[in-house]
Structures are given as C-alpha cells and as structure tokens.
Amino acid sequence: MNSTTASSAKVGSNVTHKWFQWIAGTLLTIGGIIFMVPFIWMALSSFKLEKEVLQIPPTLWPNEFTLDNFKYLFNNMNFGVYLKNTLIIVLCSFCGLFLNAMAGYGFAKYRFKGRDSLFILVLATMMIPGQVTMIPVYLILNSMDLTNTMLGIVLPGLAGAFSIFLFRQFMSTIPSELLEATRIDGASELRIFLQIVLPISKSIIAVQAILAFIGGWNSFLWPLIIANDESLYTLSVGLSLLKGQYGGNYALQMAGATFMVVPVMAIFIYFQKHIIDNFTISGIK
Amino acid sequence: MKSFFNNKAPYFFITPTLILLALFSLLPIAVALVISFTNMDLAGLADYSNIKFVGFENYVSVISDPVFMQSIYNTLFYVIIGVPLVIVFSLGIALLINIGTHRIFKAFRVVYYLPSITNVVAVAVVWSYLYNPSFGLFNYVLELLNLPAIPWLTEPTIAKISLIMLALWRAIGLNMIIFIAALQGIPKSYYEAAQLDGANTWQQITSITIPMLRFAIFFVSITTMIGWLQFFEEPFVMTQGGPLDGTTSVALFIYRNGFQLSNFGYAAAGSFVLFIAIIAITLFQFSLQRKESDLT
C-alpha cells in the first residue's frame with residue numbers, strides 16, 4: 001500500500017480489496033448460518049415424532065419424516081379457524097391500504113385549508129406508543145359494542161400514518177398536468193384517483209400490499225385483547241395458546257411455528273428486491 | 001355543482017382515515033389521561049356510575065409498586081444492553097455487506113433480513129425450544145463444547161439477556177437495511193480522494209464512513225430505543241414476565257394490569273409514566289445530537 005507509483009498502488013488496493021471481500025464473505029457466511037439456525041431447527045423438528053424431539057442427544061435430520069404434527073394442528077386444534085380469521089384480517093388490511101392510499105393522494109395532490117397541520121397531526125400519531133392507546137381503544141371499542149367481534153379486531157389497525165406518509169411521498173411525484181388534463185376531459189375526482197393515480201402507483205401499492213400482508217398475517221396484540229372467543233383467534237394467538245396447552249410437545253409447537261413462518265418467508269424471498277429497494281428509497285429519506 | 005364537489009374532494013379522500021386515526025390514536029390519549037385519574041375497573045366497565053375520580057392516587061401507588069419498579073429496571077436493562085448491540089451488529093453487518101461487489105452479497109441482505117419479518121410469537125416459540133434446559137439445542141451445543149449448561153430462562157438476569165438475544169436477532173435486519181441505504185449515499189469520490197492520500201481501509205471507515213453515517217446512527221438509535229422501551233411480545237410469550245418478574249417489561253406490566261387484572265385506571269397511569277419517559281428520553285437524545293453536531 002505504500003507503493004510510490006500510482007499503478008502499483010491501484011494493484012495493491014485491488015488485491016487488498018479482494019482480500020477484504022473474502023474476509024467479509026466468510027464472516028457473513030458464518031453469521032448467516034448462525035442466523036438461520038433457529039429456522040432450520042424449527043423446520044426439521046416439525047417433521048419429527050414427539051419422542052424424537054425429546055431424544056438426547058438431539059438429531060438434526062428427522063429419523064422418520066412425519067406430517068402428523070401438522071395434521072394434529074388442523075384436526076385436533078382449530079388451526080383451520082385461526083387460518084380463516086388471519087386471512088380475513090389480511091383482506092381487511094388491504095381495505096385499509098386503499099383508505100391510506102386515498103388519504104395519501106388527498107394530501108399529495110390537493111391544496112386545501114389546514115392541509116399541512118392535518119398532515120403533521122397524522123405523522124404525530126406515529127409517536128404514540130401502543131401501550132398508551134391499548135387500554136382506551138379497548139374501552140372505546142367496548143362502548144361501541146365491538147369487543148369480541150372481527151370488526152373490533154381490524155378497525156384499530158386500518159389507518160396507518162406511515163403508510164399514508166409513503167403514499168403521499170410517492171403520489172406527489174405524479175405530474176399535476178396529467179391529472180389536470182383528465183379533469184378537463186370531464187372525469188370526476190374519484191375516477192381520476194381510481195383510473196389514473198392508482199395504476200401509476202402500482203409499485204408502491206405492491207410493496208405496501210406485501211407489508212400489509214405480513215402485518216396482517218402476524219397480527220397478535222389486538223386479536224389477543226379483543227377476542228374472547230376461540231372462534232375469533234388468529235394464528236398468532238392460537239400458537240401462543242398452543243404453547244400454553246402443549247408446553248412439552250415441542251414437535252407440535254414447531255409445526256405451528258413453521259406453518260406461520262414459512263408462507264411469509266416465501267412471499268418475502270419472492271418479492272425481496274422490491275421491498276428492500278423500497279426501504280432503501282423511501283425509508284431513510 | 002361540480003366545482004362544489006371539487007372543493008370538497010380532498011376532504012372526501014382524507015376523511016375516512018382521519019376519522020380512524022382520531023378515534024383510535026388521538027381520542028385514546030385523552031381517554032387514557034382521564035381514566036388514569038379514576039378507579040376504572042370491570043365494575044366501572046359494566047356501569048359507568050361505579051367510576052370514581054381518585055386524583056393522583058393511581059400515579060402515587062404505581063410509582064411505589066415494587067413490580068412496576070422492577071419492570072422499569074428490566075426495561076432500562078433491555079434498552080441499555082440491547083440498543084448499542086443492535087447498532088453495533090447492524091452497522092457491522094451493513095459494512096461487511098457493503099464491501100462486497102459479488103452477487104452473493106445481495107443474498108446476505110435477505111438472510112439477515114428474514115428474522116425481522118417473521119412472526120414474533122412463532123419465533124418466541126422456537127427460541128423457547130432452543131433455550132429449553134434439557135432438550136434445547138443451545139445447551140446441547142454447550143455440552144458438546146464441554147461447557148456448563150446455562151439456565152437460559154430460569155435465572156432472572158440471564159433470562160433478560162436471553163430475551164435480548166432473541167430481540168437482537170429480530171432487530172438487526174431492518175436497521176441493517178437503513179445503514180446499507182445510508183452507506184450507498186456516501187459519494188465514491190470521498191473514498192477515492194482518501195485513497196490518493198494513502199488512507200487504508202480502516203482509516204477510511206473511521207474518518208469517512210462513520211462520520212457520514214451520523215444521521216443514520218442517530219435515526220436507528222432513536223427508533224430502536226423507542227421500540228425497546230415498549231418491549232412486550234418476547235417476555236409475554238417466552239417467560240410471562242418470570243422468573244420472579246425478572247423479565248417483566250413496563251409494557252407487559254401495563255398489559256397485565258389492564259387486561260388480566262382489569263385495573264384499567266391503574267394501568268393507564270402506568271402507561272402515561274411510560275409515555276412521559278419515552279418523550280423525555282427522546283428529547284434528551286435530540287439535544288445530545290444537537291450538541292454533538294455543534295462541536296464538529
């Protein structure tokens with residue numbers, strides 16, 4: 001590196017850079033394997049028989065692959081019902097996404113009285129910790145007779161300030177001339193939104209839809225608080241119930257966990273480029 | 001008529017979400033404040049005439065509640081140990097990934113990000129199994145290395161550290177992405193200039209990369225800290241706050257008092273103490289940041 005000529009300095013730095021790449025790659029591989037251990041262990045254990053899971057020393061690869069754990073979840077526990085409820089919540093969160101997109105558009109493309117202060121108010125709601133709103137929201141829902149209903153579970157999560165913010169950021173880049181031209185052609189405001197703005201915003205909608213799916217699929221706290229009936233439980237709540245009831249049956253617990261984790265992982269790996277790139281673009285700026 | 005609608009159009013677009021946010025984010029603050037001064041409980045829920053104003057009684061008794069004190073201590077423990085670890089690890093991994101030009105380094109982004117998107121309950125269930133003293137993988141590995149077994153979740157201080165390890169594993173991904181984004185925003189010419197001056201890689205990292213990342217580090221430390229002050233799911237699923245309330249966080253304390261013991265007023269008072277603490281610590285960090293940027 002102390003070479004006097006420019007060219008040998010360049011060669012020197014290339015060689016060191018290559019070395020750094022190898023060191024970085026090795027460290028990241030070791031770290032990555034450690035990072036993945038819980039997932040690998042979970043997935044492999046979910047195919048083991050109950051007695052094999054409790055064996056000492058533990059086996060890595062199941063001696064005998066069994067699907068009994070997964071069958072048990074659906075036949076003897078209500079995982080079918082939990083799955084249905086979870087999917088309903090996911091669908092509702094897509095509706096919430098539509099409302100957020102509308103709000104983002106309203107804030108991005110119209111001038112109206114109080115716009116900026118309202119938008120700051122929206123952003124301010126992000127600062128409120130969930131623990132403060134938890135109890136009053138329960139009391140509010142209770143006074144609306146919505147406890148122990150699906151509507152009560154989904155309503156508090158429908159509008160999200162961060163989602164509105166991302167939509168606004170994206171939609172303010174849509175040229176106003178385009179909207180103005182459509183307006184002169186006689187299109188109504190709602191039609192402009194549905195037929196011009198939404199199609200242009202496809203990419204941000206896709207990313208947010210994936211995030212909404214992950215959020216809905218993972219929803220835990222509200223279903224836990226609002227649902228008294230097992231018929232309203234989501235997968236997360238069902239799984240925490242399973243952990244309480246079948247504390248010693250790790251094979252069954254791992255099957256439940258695998259069933260929850262794998263779909264999200266698959267969707268994420270498939271769409272990861274869009275999600276990560278979107279974070280890189282909009283997350284920090 | 002049409003122009004009338006056009007004037008109303010923005011309100012038509014924003015009203016639905018504003019109503020929802022007002023109802024479930026803003027109104028609750030007022031409600032929480034009011035009930036924190038009452039003895040609201042199940043009887044009060046059934047019939048509002050049972051609710052009595054008790055002044056500051058809830059606040060006085062929550063602050064002298066030993067379990068609440070323990071939960072504050074635990075939460076501070078989580079924050080003080082956890083937040084620096086999150087920053088060091090996510091920044092370190094981001095730096096390593098950023099060195100790479102090969103395609104495989106993109107795959108590493110996904111690998112390290114995966115724990116962030118997975119369900120916290122599922123993950124807590126898996127880690128409970130890994131931590132199991134007799135059948136768990138971790139103690140088995142320790143045994144293979146001829147090391148003594150560790151009581152992962154049964155000794156109060158170790159249990160806190162065990163929960164931090166799990167939360168750290170989940171927190172790295174998102175923050176790593178933020179750091180990678182910030183790293184890519186540093187102009188290449190800075191490094192080229194430093195190389196011409198003969199700076200080695202380590203010098204480049206300490207005198208270009210880290211100073212340029214100051215805002216990202218600040219952002220990550222604030223958001224992570226707010227997140228860890230609200231630490232909830234991990235202790236809820238894995239230890240239920242035990243052993244001996246050794247892992248009870250403030251958030252779990254609030255949940256337990258509110259929804260398991262139905263002391264709504266008391267829990268609301270606890271939640272306001274947490275809220276004030278979050279605001280105070282955030283403001284403190286902001287002023288620290290301002291002072292630091294004045295110095296340079």
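The chains referred to below are lettered A, B, ... by the order of the sequence lines, with proteins before strands, and numbering in each begins at 1.
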A.B. asks: Less than 4.5 Å to any heavy atom of chain A: does that hold for the side chain of B/Leu18, its backbone, both, or neither?
C.D. replies: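 Only the side chain of B/Leu18 comes within 4.5 Å of chain A.
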
A.B. asks: Which answer fits A/Leu28, side chain, backbone, both or neither, if we ask what part of it has an atom under 4.5 Å from a heavy atom of chain B?
C.D. replies: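 For A/Leu28, backbone and side chain are both near chain B.
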
A.B. asks: Does the ring centre of A/Trp41 sit less than 6.0 Å away from the ring centre of B/Phe135?
C.D. replies: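 They do not qualify: ring centres at least 6.0 Å apart.
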
A.B. asks: With a 4.5 angstrom heavy-atom cut-off, is it the side chain or the backbone of A/Asn100 that approaches chain B, or both, or neither?
C.D. replies: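 A/Asn100 touches chain B through backbone and side-chain heavy atoms alike.
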
A.B. asks: May I ask you to test the A/Ile164-B/Leu21 pair for a side-chain heavy-atom distance under 4.5 Å?
C.D. replies: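 In contact.
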
A.B. asks: At a 4.5 Å cut-off on heavy atoms, which part of A/Ile135 comes close to chain B: side chain, backbone, both, or neither?
C.D. replies: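 It is both, since atoms from each part get that close.
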
A.B. asks: Heavy-atom distances under 4.5 Å only: say whether A/Met126 touches chain B with side chain, backbone, both or neither.
C.D. replies: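 No part of it gets close to chain B.
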
A.B. asks: So, for B/Tyr129 and A/Ser45, which heavy atoms are closest and what is the spacing to 0.1 Å?
C.D. replies: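 Heavy-atom minimum between the residues: CE2-OG, 3.6 Å.
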
A.B. asks: Which bit of A/Tyr250 comes within less than 4.5 Å of chain B, counting heavy atoms only: side chain, backbone, both or neither?
C.D. replies: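 Answer is side chain: those atoms of A/Tyr250 sit under 4.5 Å from chain B.
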
A.B. asks: For A/Val132 and B/Phe272, which heavy atoms make the closest approach, and how far apart are they?
C.D. replies: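 Scanning both residues completely, I find the closest heavy atoms to be CG1-CE1, 4.4 Å.
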
A.B. asks: Before giving the answer on side-chain contact (heavy atoms from CB on, under 4.5 Å), spell out for B/Phe236 and A/Phe220 the whole-Å C-alpha distance, their side-chain angles and the decisive distance to 0.1 Å.
C.D. replies: CA-CA 11 Å; B/Phe236 178 79; A/Phe220 175 60; 3.5 Å; yes

A.B. asks: Could you tell me which portion of A/Leu141 (side chain, backbone, both or neither) has an atom closer than 4.5 angstrom to a non-hydrogen atom of chain B?
C.D. replies: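 Side chain only.
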
A.B. asks: Check whether B/Ile172 gets within reach of chain A through its side chain, its backbone, both or neither, counting any heavy atom under 4.5 Å.
C.D. replies: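 Just its side chain gets close to chain A.
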
A.B. asks: Can you tell which part of A/Leu242 gets under 4.5 Å to a heavy atom of chain B, answering side chain, backbone, both or neither?
C.D. replies: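 Contact with chain B is absent: no heavy atom of A/Leu242 under 4.5 Å.
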
A.B. asks: Do the side chain of A/Asn218 and the main chain of B/Val120 share a donor and acceptor less than 3.5 angstrom apart?
C.D. replies: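 It does not hold such a pair.
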
A.B. asks: Can you name the nearest heavy-atom pair linking A/Leu239 to B/Ala122, along with the distance?
C.D. replies: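 Smallest heavy-atom distance, with atoms named: CD2-CA, 3.5 Å.
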
A.B. asks: For the candidates A/Arg111, A/Met260, A/Met254, A/Lys109, which exhibits the highest count of non-hydrogen atom pairs separated by less than 4.5 Å from chain B?
C.D. replies: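 Greatest number of close heavy-atom pairs with chain B: A/Met254.
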
A.B. asks: Mind running side-chain contact (heavy atoms from CB on, under 4.5 Å) on B/Leu114 and A/Met36 for me, showing each step along the way?
C.D. replies: CA-CA 9 Å; B/Leu114 270 182; A/Met36 289 298 108; 4.2 Å; yes

A.B. asks: Using non-hydrogen atoms only, which part of A/Phe259 is less than 4.5 Å away from chain B: side chain, backbone, both, or neither?
C.D. replies: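 Contact with chain B involves no heavy atom of A/Phe259 at all.
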
A.B. asks: Does the side-chain contact (heavy atoms from CB on, under 4.5 Å) test come out yes or no for B/Tyr255 and A/Ile225, once each step is laid out?
C.D. replies: CA-CA 9 Å; B/Tyr255 173 84; A/Ile225 292 173; 3.9 Å; yes

A.B. asks: Counting only non-hydrogen atoms closer than 4.5 Å, does A/Val237 touch chain B with its backbone (N, CA, C, O), its side chain (CB onward), both, or neither?
C.D. replies: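 Interface part for A/Val237: neither.
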
A.B. asks: Using side-chain heavy atoms (C-beta onward) and a distance below 4.5 Å, is A/Met134 in contact with B/Ile254?
C.D. replies: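 Result yes, sub-4.5 Å side-chain heavy-atom pair found.
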
A.B. asks: At their closest point, which heavy atom of A/Gln253 faces which heavy atom of B/Val125, and how far apart are they?
C.D. replies: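 Heavy atoms only, the tightest pair is OE1-CG1, 3.5 Å.
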
A.B. asks: Give the member of A/Trp22, A/Trp217, A/Phe39, A/Phe193 that has the highest number of heavy-atom pairs under 4.5 Å with chain B.
C.D. replies: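 Option with the greatest count: A/Phe39.
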
A.B. asks: Angle between ring planes, B/Phe13 versus A/Tyr105, binned at 30° and 60°: parallel, tilted or perpendicular?
C.D. replies: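 Answer is perpendicular, since the angle exceeds 60°.
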
A.B. asks: What heavy-atom pair brings B/Thr17 and A/Ala103 nearest, and what distance separates the two atoms?
C.D. replies: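 Residues B/Thr17 and A/Ala103, closest heavy atoms: OG1-CB, 3.0 Å.
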
A.B. asks: Which atom pair, heavy atoms only, marks the closest approach of A/Ala159 to B/Leu20?
C.D. replies: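 Heavy atoms of A/Ala159 and B/Leu20 come nearest at CB-CB, 3.8 Å.
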
A.B. asks: Would you mind checking which part of B/Ile99 comes under 4.5 Å of any heavy atom in chain A, side chain (CB onward), backbone (N, CA, C, O), both or neither?
C.D. replies: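 When you check distances to chain A, atoms from both the backbone and side chain of B/Ile99 fall under 4.5 Å.
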
A.B. asks: For the interface with chain B, which of A/Leu27, A/Val137, A/Val262 has the highest count of heavy-atom pairs at distances below 4.5 Å?
C.D. replies: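 Result: the option with the highest number of such pairs is A/Val137.
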
A.B. asks: For the residue pair B/Phe259 and A/Tyr138, does the interplanar ring angle fall in the parallel (under 30°), tilted (30 to 60°) or perpendicular (over 60°) class?
C.D. replies: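 Taking A/Tyr138 first and then B/Phe259, their aromatic rings stand perpendicular (interplane angle over 60°).
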
